[in-house]
Amino acid sequence: MDESPRQNYTAAEKQAVFDNEFMPHMSSMYNFGYRLTLNSDDAQDLVQDTYLKAYRFIDSFQKGTNAKAWLFRIMKNSFINDYRKKRKEPNKVDYQEVEAYYNSEDVDRQITPDLRVDVLQGMIGDEISNALNALDVDFRTVIILCDLEGFKYEEMAKILDIPIGTVRSRLHRARNLLKEKLTEYARQMGYKS
Amino acid sequence: MKMLQLIVDGEATAEEEKFLRDHLAECIPCYEQYQVDQLIKTMIKTTCCGGQVPQSLVKQIRTQIQTHGR
C-alpha cells in the first residue's frame with residue numbers, strides 16, 4: 001500500500017470510500033482481531049484502531065484495489081507494533097525461531113497425523129475453532145487469511161510482508177500443527193487412530 | 001505431500017494441477033490426505049467465522065470519524 005500513488009480525495013469522496021469499501025469488512029476485521037488476541041475487548045480496540053488509521057491514511061488507498069487486504073495489513077501491523085508491545089509479552093517467541101524449528105526435517109517426520117474424514121465429521125462442536133486458537137498466532141493467522149477469508153498466496157504475502165515461499169511453508173506447517181491438535185481431540189473423543 | 005495444498009487452495013498452475021490430479025488418481029494415501037485437507041478447510045470456513053461486529057462499536061467508529069476525522 002505504500003507504493004501506490006497518493007490520492008487526493010474530497011471529504012465526500014473519503015466518506016464514500018470509507019462507507020462503501022471499508023465498512024462492509026468490519027465483521028471480518030472483528031473476527032480477525034478476535035483470532036489474533038483471543039479477547040473480544042482487545043478485538044474491538046484493534047478494529048477501532050484499524051478503522052481510524054484507515055481513515056487517516058485514506059489518501060494512500062487507491063479506489064478499486066483490494067480494500068479488504070489493505071485493512072487486514074493495517075490490523076496485522078497494529079497488532080504487532082502496538083498490541084504486542086503494549087502487552088510486553090516476555091514469553092513471546094521470535095517467529096523466525098518457530099519457523100526454523102518447524103522447518104526442520106525432524107518435525108515433518110513426526111507430524112503425520114492420521115486423521116480421517118469420518119473422524120473429522122464427528123467433530124461438530126468447537127473442536128476446529130479451539131484447535132485453531134491453540135496454535136501460535138503466526139500459524140493461526142495464515143490459516144485464517146487463507147481458509148476463512150479466502151486470500152490468495154500473493155495477497156497474504158503482501159498482508160504479512162513475507163515472501164510467497166514463506167506463505168506456502170508457513171501454511172503447510174500450520175496445517176500440520178492443526179491436524180496434530182485435531183488428532184489429539186479425536187483420541188480424547190475415543191477414536192482410535 | 002507438500003504440494004497438495006496448491007490444489008486445495010486453488011493455487012496450482014495448470015501443469016501442477018494435472019500432475020497432482022494424476023497422482024491423486026493412483027495414490028490412496030495422498031487422496032485420503034487431500035480429502036482431509038479439503039474438509040478441514042471447509043470446516044474452518046463454516047465454524048470459525050465468529051459473529052457480527054457489535055453495533056455499538058460501529059457507531060463509536062462512525063462518531064469518531066465524524067468528529068476527529070476531518
Side-chain angles (χ1 to χ4, degrees), chain A residues 11 14-15 18-19 22-23 25-35 40 43-45 47-48 50-52 54-56 58 108 112-117 119-121 123-129 131-133 143-144 146-150 152-154 164 168-169 171-172 175 178-179 182, chain B:
Chain A
K14 279 187 191 179
Q15 200 58 49
F18 194 85
D19 289 347
F22 297 173
M23 291 304 282
H25 302 298
M26 213 177 255
S27 284
S28 289
M29 299 304 296
Y30 175 64
N31 188 48
F32 185 45
Y34 180 76
R35 295 282 168 188
S40 64
Q44 293 196 38
D45 286 349
V47 172
Q48 182 167 337
T50 302
Y51 275 84
L52 294 182
Y55 192 80
R56 203 177 326 138
I58 205 161
D108 214 16
T112 43
D114 47 353
L115 267 187
R116 299 186 315 263
V117 166
V119 174
L120 278 167
Q121 281 165 341
M123 296 186 174
I124 47 173
D126 295 331
E127 294 90 351
I128 302 270
S129 180
L132 183 61
N133 289 352
I143 291 186
I144 291 163
C146 183
D147 294 346
L148 190 59
E149 301 300 341
K152 306 306 285 178
Y153 292 173
E154 206 180 318
I164 287 195
R168 281 193 197 192
S169 60
L171 200 48
H172 182 71
R175 284 174 170 153
L178 186 74
K179 282 188 263 186
L182 291 171
Chain B
M1 186 163 68
K2 244 184 185 173
M3 275 176 80
L4 268 184
Q5 69 176 5
L6 294 179
I7 45 172
V8 174
D9 296 331
E11 294 271 356
T13 62
E15 204 181 334
E16 287 166 336
E17 171 109 21
K18 185 181 183 315
F19 172 81
L20 289 165
R21 297 273 174 212
D22 288 350
H23 179 71
L24 287 180
E26 55 192 28
C27 176
I28 292 171
C30 278
Y31 182 68
E32 284 174 349
Q33 197 53 61
Y34 166 70
Q35 284 188 305
V36 164
D37 289 354
Q38 193 89 285
L39 180 59
I40 292 178
K41 189 176 174 97
T42 309
M43 288 175 90
I44 287 174
K45 183 111 186 116
T46 51
T47 62
C48 299
C49 46
Q52 289 288 311
V53 61
Q55 278 310 305
S56 54
L57 179 64
V58 178
K59 264 196 198 149
Q60 200 181 327
I61 291 174
R62 282 201 182 283
T63 314
Q64 280 182 310
I65 300 291
Q66 246 115 57
T67 50
H68 306 291
R70 292 165 196 269

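Protein chains get the first letters and strands the later ones, always in sequence-line order, with residue 1 at the start of each.
There is no contact between A:Tyr34 and chain B, counting heavy-atom distances below 4.5 Å. Within the 4.5 angstrom heavy-atom criterion, atoms from both the backbone and the side chain of B:Ile44 approach chain A. For A:Phe32, no part lies near chain B; criterion is any non-hydrogen pair under 4.5 Å. Neither the backbone nor the side chain of A:Ile144 comes within contact range of chain B; no heavy atoms are under 4.5 Å apart. Within the 4.5 angstrom heavy-atom criterion, atoms from both the backbone and the side chain of A:Leu171 approach chain B. Residue A:Met29 does not touch chain B at all, counting heavy-atom pairs closer than 4.5 Å. Using a 4.5 Å cut-off between heavy atoms, A:Leu132 touches chain B through its side chain atoms alone. At a 4.5 Å heavy-atom cutoff, the contact between A:Arg168 and chain B is made by backbone and side-chain atoms alike.
Most heavy-atom pairs under 4.5 Å with chain A, from the set B:Gln38, B:Gln35, B:Lys45: that is B:Lys45. Note: A:Asn31 leads A:Leu52, A:Asn31, A:Ile143, A:Val47 in heavy-atom pairs under 4.5 Å with chain B. Heavy-atom pairs under 4.5 Å with chain A peak, among B:Asp9, B:Val58, B:Leu39, at B:Asp9.
A heavy-atom distance below 4.5 Å is not found between the side chains of A:Val117 and B:Glu32. Residues A:Cys146 and B:Gln5 have side chains not in contact (no heavy-atom distance under 4.5 Å, counting atoms from C-beta outward).
Judged purely by atom type and a 3.5 angstrom limit, B:Glu11 uses its side chain to pair as donor or acceptor with the backbone of A:Tyr153.
The salt bridge (Lys or Arg N to Asp or Glu O under 4.0 Å) test applied to A:Arg56 returns no partner, not counting sequence neighbours.
Surrounding CD of B:Gln52 are at most 12 heavy atoms belonging to other residues, nucleotides or ligands under 6.0 Å away.
No side-chain N or O of B:Gln60 forms a donor-acceptor pair with one of A:Gln44 less than 3.5 Å apart.
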